[in-house]
Amino acid sequence: MDENPVPLVLASGLCRFYGRKGVELKALDHVDLTVNRGDFVLLKGRSGSGKTTLLSLLAGLDRPDAGSLRVGDYDLSPGASPDLDTFRRHGVGVIFQSFNLLPTLRAVENVMLPLLLAGGRQQVAQKRAGDLLGSLGMGPRMHHLPAELSGGEMQRVAIARALVNEPMLLLADEPTGNLDENNAMAVIDLLADLVKNGATLVMATHSDMADPFASHIIHLMDGRVSAPRPDPSGPEASSVKKAALATDFPSHPIQGKNP
Amino acid sequence: MKFFFFLLFRISLRHLLRQKLRTLAALLAIALGASVFSSVRMAIDGAGESFASSVTQVTGRADYHLSAGPEGIPEGLMADFLHHPDILRAAPFSSVYVLPDINNKEGERPFLLMGLDPFLDTSFRQWEPESSGEEENGGISELVTRPGAMLVTQTLARRLGIRHGDSLRVLHGGKPAEMHVAGILEEEGLAMAEAGGLALCDMATFQESTGRYGLVDRMDLRLHAGADKKALEAMLPAGVQMQPATAFRDTGLAMVKAYRMNLLVMGFVSLFVGMFLVYSVVALNAASRSGEVAMLRAMGVAKVSIFLLFITEGLLLGIMGWLFSLPLTLLGYPFLQEGVGKTLETLFFGKGVAAHAFQFQDLWLTLALTLFVAAIAALYPALSAMAVSPKMAMAERGFSDKKTGTGNLRSVTGLGLLVAVPFSAGLPAMDGLPLGGYMAAFFLFGGTALVLPWILARLGPGMALFLGRRFGVSAFLAARQFRESGGRIALAAGALTTAVALFVALSIMITSFRETVRVWVDQSIGGDLFIRSKMAELNDYRYPLSHDLVAQIEELQSWDALGYRRVGLERDGLAFDLEAMDMETLSRYGGFLDVSGTSSDAYFYSGHGPLPLLVSEPALHLHGLDKGQILDFYVDGVSVPFEVKAVVRDFRTRTLALFCDMEALAKKTGKREISGMRLFYKMSSGDGGKEKDAALELLRDQLLKDYGDSVDVVAGLSLRNAVLDIFDETFAVTFVLLAMALGIAGLGIATTMTLRVMVERVGLLTLRSLGASAFQVRSMVRWEAGLLLAFSLVAGLACGFVLSYLLIHGINKQSFGWTFFFALDGLNLLAGILMIFAAGMLAAGPAMALALRGSPAEALREGTS
């Protein structure tokens, strides 16, 4: 944990409402949140508690209805006019539960995509994407289509895609939700390593697997922050971490089976 | 069964209703296709039936006709047959088209004047004058007693504004005649023939009015059962033939058989293009519902039920599309009816096509065909769905992500079909129909559609990389998407390729045809002024030009006259037009377009042996008359042997043309008549033709003043333009059908691109979440549409050139006996291609808008891979 925390995300009184047939649904109701550089923040809560909505706002995929939100130099508050395309290209990297790899692009092309969208040259982008996939143990599979990869492999490609533009903030929405326990643990380890190496990560999850690695755990209920973070060194977390560490699978490469 | 309907209504229908846009596009495409097919079929069959009914009314209850072509037969023969024991009834019959001598538009519209024996005729035809209450002053008694008396139909009376007691001067190739309206015919039987445009008179009146004294056109016979037909034929003088009464009708209908089939095939193409969209809807339904299918299978639903479920979906689309087509058919039918009827009259029947009512029962065939097409379109998706394993209910991903392994089989089948194209095209015509040519065209389209995905898959990553480097990430993504989703895109590409190929092939064929006809008109039927008897074509050139007129023309110093004689001949049931002309003069002003042999070999006759003869190309291709053959024809009652010296181009549709030297023929038959003359202006003053125009105007006015009642005098340029106008009108229907096919293809582009955007929605949202700007997303969709269009246009151009060859040298040759010079109007073709491209890009507009709909945040809630 950093001695002098540098705030990266500052949210205050953040609200997001959805209207349906005259009934207003408060997806987020006055949420305050601070994420410092190098933090590994877990968002927890039941389905419909607002985790994904909060991630959407942090990723610049959606705009808040009230409150203020700042991510790095980008003001995402209501009324502000941020260049969301640029923010998404350079500011954040998003890891989806369903991977969201483009099925017609090969693994390396999926990873190249953010670089190309940002105007990067194809050859440069291919080299960087290849290197990144290689460092994640996906070198031999980089020319495969998503349909030819296992769930764990697809998620590693998705992580590489999120990292390729060196974003200041990584966001992950249930990144292990579609994976078996072994692959899930390996992905958590990978994400934890990234945080150790300086990344900032906000991850929404139902699972307790990542608890031992988290610097903050935020519980959401009905769109509100419901409880302070539990002590990651507490007995429950320790047992999870122990269980995780007890598994025999190496973190790299993740063993997977083609579907 | 109950469970099947439960599945159908609770699942299939709900899916179709949920995908409103997709379903609507398929329904619209099927509706357009079915409507075109129905309208075309009803128009052409209605015209054929109208013609047949008209001929049948005129033929009446006759078993046989005696005839000798336009020359007519001596009426003295009547007595021999009337009293022959084998003859039950006999009646004379003559007819000629006449023009009412009135100064309005009706004065340009001919009607048929029939001459018959009012008493003998009652055994053959049904006609009755209207009862006027003053019987002694009208009707049949007046018809047989008063000179010039005729009965007219109500339709004709209305058209000309005449009634009982009125007089009417009529014009034909002979001397004008003064007619008197002796009554109005009841609207029944004979009065319904010729769309009501007829009048009848006593045979004696007819002969007086038309100058055909002692001659009748034909004699109608009813024979006793067991009559000795051969004995009757033995009584006939030379040149008179005894033919079944249905021969004329059957010949007429046989002539349009190939035209009918060509038009029906064109109509069917619209339905065929619509089939791609039905396939698209059912295939995408089958793919997107694989999980659901697996669940149903896991719950015990039989394979065959799944198969039937998807086939029934296709059939439902077919039925709905057919229902949608009904109002479109009602709207479009009158236009097609008029166009097709006019074309058939001009090209084949001459006259006798009336407007025919819309008949609902005719739509059932379209329904059956639409259902067949829809079932065929649903077959492959239904088989794919049937192959879904119940195990997949446990899997996370559907079968659509997996390679089905049928790609190679499909490509090999496609290649096989393409290889079969030249073999099929080389098959001879069957019963006068170019079935081999159509099969070749079908193989070409089918083979191309099956091979397209294979070609797409092999465009190679090179294309994406190249486009990516040159045009950026949007082009790169579009090219990758385009290449990988070959199967899905191949549907739209197939539809568009088919439509573009048709457009290209028909454009080339029509350009080639028109250019050949233009050269033929200029070279073979050129001239500055044309003179012939009034309505010569309609009346089979039965009236020759008067000796005075011919002599007057021949004395003109500034004009060269090319006289010709037209004689209608029959041989082995085939109708020929022998055109004997002054070959020496012809050789100075033009000539023939040779197909085989040398036409100039027929210009001079040594006086010994068979007469040199030229035959038209259809006589060669349809009936095997080739150079070197000796043919015997009865001309003017004399049997004349001819030797075919060459085959030449000719684009007449109603008969087969033969050509020989006029002087040589006259020597053989002893008859010298001039049916018409082509005049060429001899003095060339180099003033841009002003002097010629003035001389032409002067001569025409003089001739019309002196002989205008019996001859038509037409400037060469007007005749040339009239021929080319008829040509253009003939192909107008083809262009309408083509426009429909292209419209459906455009609809295909709009649907395909919209579907692509819908199917790839999460992918597009993910792109937005990765930072793709709205411009980049729009640009990607634009690039995809552009690539799809470009690919289809290239494939369509290639197919179009092959198809044009099939059309020119296969289908047309076998249908009509014509081939053409290959001509390409590059500029028009390019303009057409660019228009299709532009229309396709416009059609992709809604897809571009749809691509930006929805928040990128939804990418977090939905998954793709």
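We name chains A, B, ... by the order of the sequence lines, and we start the count at 1 in each one.
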Would you say the side chain of [Y] lies within less than 4.5 Å of the side chain of [X], judging by non-hydrogen atoms?
X: Arg480(B); Y: Arg106(A); result: yes
X: Leu770(B); Y: Arg161(A); result: yes
X: Leu767(B); Y: Leu102(A); result: yes

- Test log, rule side-chain contact (heavy atoms from CB on, under 4.5 Å), inputs Leu113(A) and Val473(B): CA-CA 8 Å; Leu113(A) 204 51; Val473(B) 65; 4.2 Å; yes

- Pairs of heavy atoms under 4.5 Å with chain B: top-ranked of Arg89(A), His90(A), Gln126(A), Gln123(A):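 The option with the most such pairs is Arg89(A).
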
Can you confirm whether [X] is buried at [atom1], in the sense that more than 12 heavy atoms of other residues, nucleotides or ligands lie under 6.0 Å from that atom?
X: His30(A); atom1: NE2; result: no
X: Phe17(A); atom1: CZ; result: yes
X: Asp75(A); atom1: CG; result: yes
X: Arg121(A); atom1: CZ; result: no

Smallest separation among heavy atoms of [X] and [Y], with atom names:
X: Leu61(A); Y: Ser769(B); result: CD2-CB, 3.2 Å
X: Ala772(B); Y: Leu117(A); result: CB-CD2, 3.7 Å
X: Ala774(B); Y: Asp85(A); result: N-OD2, 4.1 Å

- Euclidean distance, Phe96(A) CZ relative to Leu765(B) CG, rounded to 0.5 Å: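 Leu765(B) CG to Phe96(A) CZ: 9.0 Å, rounded to 0.5 Å.
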
- Considering only heavy atoms, which portion of Glu174(A) lies under 4.5 Å from any heavy atom of chain B: side chain, backbone, both, or neither?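 The answer is neither part of Glu174(A).
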
- Query: Counting distance only, does the side-chain N/O of Arg88(A) pair as donor-acceptor with the main-chain N or O of Gly771(B) below 3.5 Å?
  - Reply: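 Between the backbone of Gly771(B) and the side chain of Arg88(A) there is no qualifying donor-acceptor contact (under 3.5 Å).
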
- Message: If I measure from the heavy atoms of chain A, does Leu477(B) come under 4.5 Å with its side chain, its backbone, both, or neither?
- Response: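 Just its side chain gets close to chain A.
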
- Quick one: list whatever passes side chain to side chain donor-acceptor pair (under 3.5 Å) with His143(A), sequence neighbours left out.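 Result, side chain to side chain donor-acceptor pair (under 3.5 Å) vs His143(A): none returned.
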
